[in-house]
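What follows is a single structure, written as structure tokens, with notes after it.
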Amino acid sequence: MKYFFNLLLVILFLFVGCSSSKECMEKEIKGVSSVVGNEPFTKQAIITDENKMFIINAPAEIQKLLLDNQGHYFNIKYNSEKDSSGIHIIEVTKASKL
């Protein structure tokens, strides 16, 4: 009986320890949708109230939403961030207009 209880406890710890939700890993920023750079090298970006710029890397439907609503405030959820020579590049998972 004790062996079964210990095995159940180990399995429970492994399950809880190895599972993580995406919501816990998501970060959030708020800012204005804009396009930065010169043609033909433009990029979509979010500029926060603190004048930080984040280059957007997102699926096509999110890119279209941000492009069609330039100058509007958005709430952006993202998973990962890369910093390339002082430029923040984020992998966007969700965007909602404020």
Side-chain angles (χ1 to χ4, degrees):
M1 186 67 167
K2 187 175 181 178
Y3 176 75
F4 177 76
F5 178 74
N6 287 340
L7 181 62
L8 185 63
L9 192 61
V10 167
I11 290 172
L12 180 66
F13 280 130
L14 285 174
F15 179 76
V16 172
C18 293
S19 65
S20 64
S21 69
K22 277 188 157 181
E23 288 81 28
C24 292
M25 297 169 56
E26 282 186 335
K27 299 174 189 164
E28 187 174 326
I29 58 170
K30 293 177 184 168
V32 177
S33 172
S34 62
V35 176
V36 296
N38 295 318
E39 285 291 338
F41 305 108
T42 58
K43 300 282 184 186
Q44 289 180 324
I46 291 292
I47 301 174
T48 65
D49 290 336
E50 296 85 26
N51 279 335
K52 281 188 169 182
M53 183 178 61
F54 295 88
I55 302 295
I56 300 294
N57 192 5
E61 62 271 2
I62 293 176
Q63 288 182 355
K64 182 171 178 13
L65 175 70
L66 295 172
L67 188 61
D68 291 344
N69 293 289
Q70 289 182 53
H72 293 261
Y73 272 89
F74 278 87
N75 186 21
I76 302 291
K77 293 188 179 188
Y78 64 98
N79 282 335
S80 64
E81 180 178 347
K82 299 178 213 167
D83 191 5
S84 176
S85 300
I87 299 172
H88 303 283
I89 304 168
I90 57 175
E91 299 285 333
V92 176
T93 58
K94 197 181 293 183
S96 57
K97 193 174 173 184
L98 295 177

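Note that the structure is predicted; figures quoted are calculated from it, not measured.
Side chains of L66 and I76 form a contact here, defined as non-hydrogen atoms less than 4.5 Å apart. Residues I55 and V36 have side chains in contact (heavy-atom distance under 4.5 Å, counting atoms from C-beta outward).
Between atom CG of residue D68 and atom CD of residue Q63 there is a gap of 11.5 Å, rounded to the nearest 0.5 Å. In this structure, CD in E50 is found 10.0 Å from CD1 in I29, a value given to the nearest 0.5 Å. Going from atom CD1 of I47 over to atom CE of M53 covers 6.5 Å, rounded to the nearest 0.5 Å. Distance check, rounded to the nearest 0.5 Å: CD1 of I62 to NZ of K77 gives 11.5 Å. Atoms CD and CD1, on E91 and I56 in that order, are 10.0 Å from each other to the nearest 0.5 Å. Here the NZ-CD1 distance, from K52 to I46, works out to 14.5 Å after rounding to the nearest 0.5 Å.
Other residues sharing a hydrophobic cluster with Y73 under the 4.5 Å side-chain heavy-atom criterion for ILVMFWY residues are V32, L98.
Considering only residues two or more places apart in sequence or on other chains, E81 meets the side-chain contact (heavy atoms from CB on, under 4.5 Å) condition with F54, Y78, H88, I90.
Legend: side-chain hydrogen bond (donor to acceptor under 3.5 Å, both in side chains) pairs involving residues 32-46, not counting sequence neighbours: none detected.
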